[in-house]
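Please read the structure below before turning to the comments.
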Amino acid sequence: MKKILTTATLAGALALGGLGVGLFAAPATAQQTFVTIGTGGVTGVYYPTGGAICRLVNKNRKQHGIRCSAESTGGSVYNINTIRGGELDMGVAQSDWQYHAYHGSGKDSFISAGPFKELRAIFSVHPEPMTVVARADSGASHISDLVGKRVNIGNPGSGSEATWNVVWNALGYDKSDLKLAATLKSAETGAALCDNKIDAYTWLVGHPNALAKESATTCDVRFIEVSGPAIDKLIGDNPFYRHATIPGGMYRGNPNDIATFGVGATFVSSTAVPSSVIYEVVKAVFDNFGDFKKLHPAFANLKESEMIRDALSAPLHAGAVRYYKERGWM
């Protein structure tokens, strides 16, 4: 892996460059391994998820020698492709695109690249309902009402954009049925909505989240339903989809539950990352599970038993399996 760097490798490079004089005169220090987690935009839940994992890993880095950093990225599809390319060690990804990457299906780039059989699941995290936020004056209350509207469908490389295309096509529409199919980054969409530059934005995200709160606080918005026979068929045909609800009262001006569908956020890696590294990452999370759940409101209802079973559509990494067997969970 290109991102995994140890202090032994670094020391050798310095010595070869003539910069290692004195480096080996001091007592040897514990070997350090540097790993990077790909997340998503800073207004979503992926970024704090990666940060929470790294925070727990780094707490005991003197013992296991692993230093972890979380990197804001384009999201699910980007993370999986970059893990495959060797530029990331781990990442957060939607369960549907984990499935499609492993099988080489669903998206042109995954189909052309072929099955990513080295992809490995580590655990699942929070549920991610498809969330469509519209201006209250847009007249939209259901996803089908977005025909002829200006909609931000998600930034390129995100799972949200890819899943939007699946859903919109399942409803019998294509991009030409929108007045505008914008691809702004998530951090830009709240302002665009409240400034009346778009009528709605959509993404798959855990709740509560900063962007939805910002939008509902700044202007009058309506969370709209993603439901109906076409959605029921999508869920029935694909094991990585499920019915979901955005709770009423969570955001200003939206007192009622919103029916939608969704996926699970999953934490993934590849066989190129050593089992010993994954073992320590998993151990850091589950040995400190109470602390992990406190690091974001979207984690409040997580259950260990569900995290190692639900929404995982690639094989478990051997390092994760080792830990789960030690805990008697497998």
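With a 4.5 Å cut-off on side-chain heavy atoms, Leu146 and Ile224 count as touching. Put simply, the side chain of Trp203 does not reach to within 4.5 Å of the side chain of Thr189, judged on heavy atoms. With a 4.5 Å cut-off on side-chain heavy atoms, Glu326 and Tyr279 count as touching. The shortest side-chain heavy-atom distance between Ile143 and Glu225 does not fall under the 4.5 Å cut-off. Here the side chains of Thr49 and Phe299 are in contact, with some heavy-atom distance below 4.5 Å. At least one side-chain heavy atom of Asn165 sits under 4.5 Å from a side-chain heavy atom of Ile153. Put simply, the side chain of Tyr173 reaches to within 4.5 Å of the side chain of Ser144, judged on heavy atoms. Contact of the Lys179 side chain with the Lys149 side chain is not registered, since no non-hydrogen atoms from C-beta on lie closer than 4.5 Å.
Under 4.0 Å is where a charged nitrogen must lie from a carboxylate oxygen, and between Asp287 and Arg327 at least one such pair does. The pair Asp220-Arg252 meets the salt-bridge criterion, since a charged nitrogen lies less than 4.0 angstrom from a carboxylate oxygen. Using a cut-off of 4.0 Å between Lys/Arg side-chain N and Asp/Glu carboxylate O, Arg135 and Asp199 are scored as not salt-bridged.
Between Tyr251 and His207, the gap from one ring centroid to the other is short of 6.0 Å. Aromatic rings from Phe123 and Tyr324 are positioned such that their centres are separated by 6.0 Å or more. Ring centroid separation for the pair Phe240 and His100 comes in under the 6.0 Å cut-off. In this structure, Tyr201 has its ring center at least 6.0 angstrom away from the ring center of Trp164.
Summarising the geometry of Met130 relative to Val167, their closest heavy-atom pair is SD-CG2, 3.9 Å, with the distance given to 0.1 Å. Contact between Glu306 and Ser124 at its shortest, heavy atoms only, is O-OG, 3.6 Å. Between Gly40 and Ser72, the shortest heavy-atom distance links the atoms O-OG, 2.8 Å. Across all their heavy atoms, Trp97 and Val77 have their closest contact at CG-CG2, 4.3 Å. Shown here for Leu312 and Ala121, the closest heavy-atom pair between the two residues is CD2-CB, 3.9 Å. Here the shortest heavy-atom pairing between Ala70 and Gly51 reads CB-N, 3.7 Å.
Atom CD in Glu188 sits 10.0 Å away from atom NZ in Lys197 (nearest 0.5 Å). Separating the NE2 atom in His317 from the CZ atom in Phe267 is a distance of 10.5 Å, to the nearest 0.5 Å. A distance of 8.0 Å separates CG of Leu180 from CG of Leu178, quoted to the nearest 0.5 Å. For the atom pair CD of Glu304 and CH2 of Trp329, the computed distance is 4.0 Å after rounding to the nearest 0.5 Å. Of the inter-residue distances, the one linking Tyr241 atom OH with Asp232 atom CG reads 14.0 Å to the nearest 0.5 angstrom. Note that the OG atom of Ser269 and the CD1 atom of Ile80 stand 11.5 Å from one another [nearest 0.5 Å].
At distances below 3.5 Å, at least one donor-acceptor pair connects side-chain atoms of Ser313 with backbone N or O atoms of Ser95. Asn58 places a side-chain N or O within 3.5 Å of a backbone atom of Cys68 that can act as its donor or acceptor partner. Remark: side-chain polar atoms of Asn152 are not paired, donor with acceptor, to backbone N or O of Thr202 under 3.5 angstrom. Side-chain N or O atoms of Thr245 include none that pairs as donor or acceptor with a backbone N or O of Asp257 at under 3.5 Å. A side-chain donor-acceptor contact under 3.5 Å links Arg84 to the backbone of Ala113. For the pair Thr131 (side chain) and Pro129 (backbone), a donor-acceptor distance under 3.5 Å is present. Here the side chain of Asn60 pairs no donor or acceptor atom with the backbone of Gln63 at under 3.5 angstrom.
Both Ile246 and Leu193 are part of a single hydrophobic cluster, where members link through side-chain heavy atoms under 4.5 Å apart. Note: the hydrophobic cluster containing Val92 does not contain Val42 (ILVMFWY, side chain heavy atoms under 4.5 Å, direct or indirect links). Linking Ile, Leu, Val, Met, Phe, Trp and Tyr whenever their side-chain heavy atoms come within less than 4.5 Å puts Val132 and Leu234 in one cluster. Under the 4.5 Å side-chain heavy-atom criterion for grouping Ile, Leu, Val, Met, Phe, Trp and Tyr, Ile111 is not connected to Leu119 through any hydrophobic cluster. Under the 4.5 Å side-chain heavy-atom criterion for grouping Ile, Leu, Val, Met, Phe, Trp and Tyr, Val268 is not connected to Tyr47 through any hydrophobic cluster.
Enclosure of atom NZ in Lys117 by more than 12 non-hydrogen atoms of other residues, nucleotides or ligands within 6.0 angstrom is indicated. Summarising the local packing, NZ of Lys185 is surrounded by 12 or fewer heavy atoms from other residues, nucleotides or ligands at distances under 6.0 Å. With a 6.0 Å radius and a threshold of 12 heavy atoms from other residues, nucleotides or ligands, Arg55 has its CZ atom at or below the threshold. Annotation for Tyr78: atom OH does not count as buried by contact number, only 12 or fewer foreign heavy atoms lying within 6.0 Å. Surrounding CG of Asp108 are at most 12 heavy atoms belonging to other residues, nucleotides or ligands under 6.0 Å away.
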Fill in: side-chain contact (heavy atoms from CB on, under 4.5 Å) assessment of Val226 paired with Ile231
CA-CA 7 Å; Val226 184; Ile231 302 302; 3.8 Å; yes
Worksheet item: Is there a side-chain hydrogen bond (donor to acceptor under 3.5 Å, both in side chains) between Asn288 and Lys59 once you walk through the steps?
Response: CA-CA 10 Å; Asn288 300 279; Lys59 186 170 72 171; 3.0 Å; yes
Worksheet entry | From CA spacing to verdict: side-chain hydrogen bond (donor to acceptor under 3.5 Å, both in side chains), Gln94, Tyr46 | CA-CA 10 Å; Gln94 292 176 199; Tyr46 281 16; 4.7 Å; no
Discussion item. Go through it in stages, so that I can follow the logic: the residues are Ser186 and Thr43, the test is side-chain hydrogen bond (donor to acceptor under 3.5 Å, both in side chains), and I'd like the CA-CA distance, side-chain angles, deciding distance and then a yes or no.
Written reply: CA-CA 7 Å; Ser186 61; Thr43 58; 3.0 Å; yes
Item to complete: Under the side-chain contact (heavy atoms from CB on, under 4.5 Å) rule, what do Asp237 and Ile235 come out as? Steps first, then yes or no, please.
Response: CA-CA 6 Å; Asp237 291 345; Ile235 295 169; over 6 Å; no
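For Thr163 and Asp96, the side-chain atoms include at least one donor-acceptor pair closer than 3.5 Å. Remark: the Glu118 side chain and the Tyr102 side chain contain no N/O donor-acceptor pair separated by less than 3.5 Å. Between the side chains of Asn196 and Arg150, at least one donor N or O lies within less than 3.5 Å of an accepting N or O. The closest side-chain donor-acceptor pair between Thr73 and Glu71, if any, does not fall under 3.5 angstrom. There is no side-chain donor-acceptor pair under 3.5 Å between His126 and Asn301.
Considering Val281, Thr266, Ile278, Ile53 in turn, Ile278 is the only one that fulfils the side-chain contact (heavy atoms from CB on, under 4.5 Å) rule with Ile122. Just one of Thr82, Val35, Val277, Ile83 meets the side-chain contact (heavy atoms from CB on, under 4.5 Å) condition when paired with Asp89; it is Val35.
The aromatic rings of Tyr99 and His103 are tilted relative to each other, their planes meeting at an angle between 30° and 60°.
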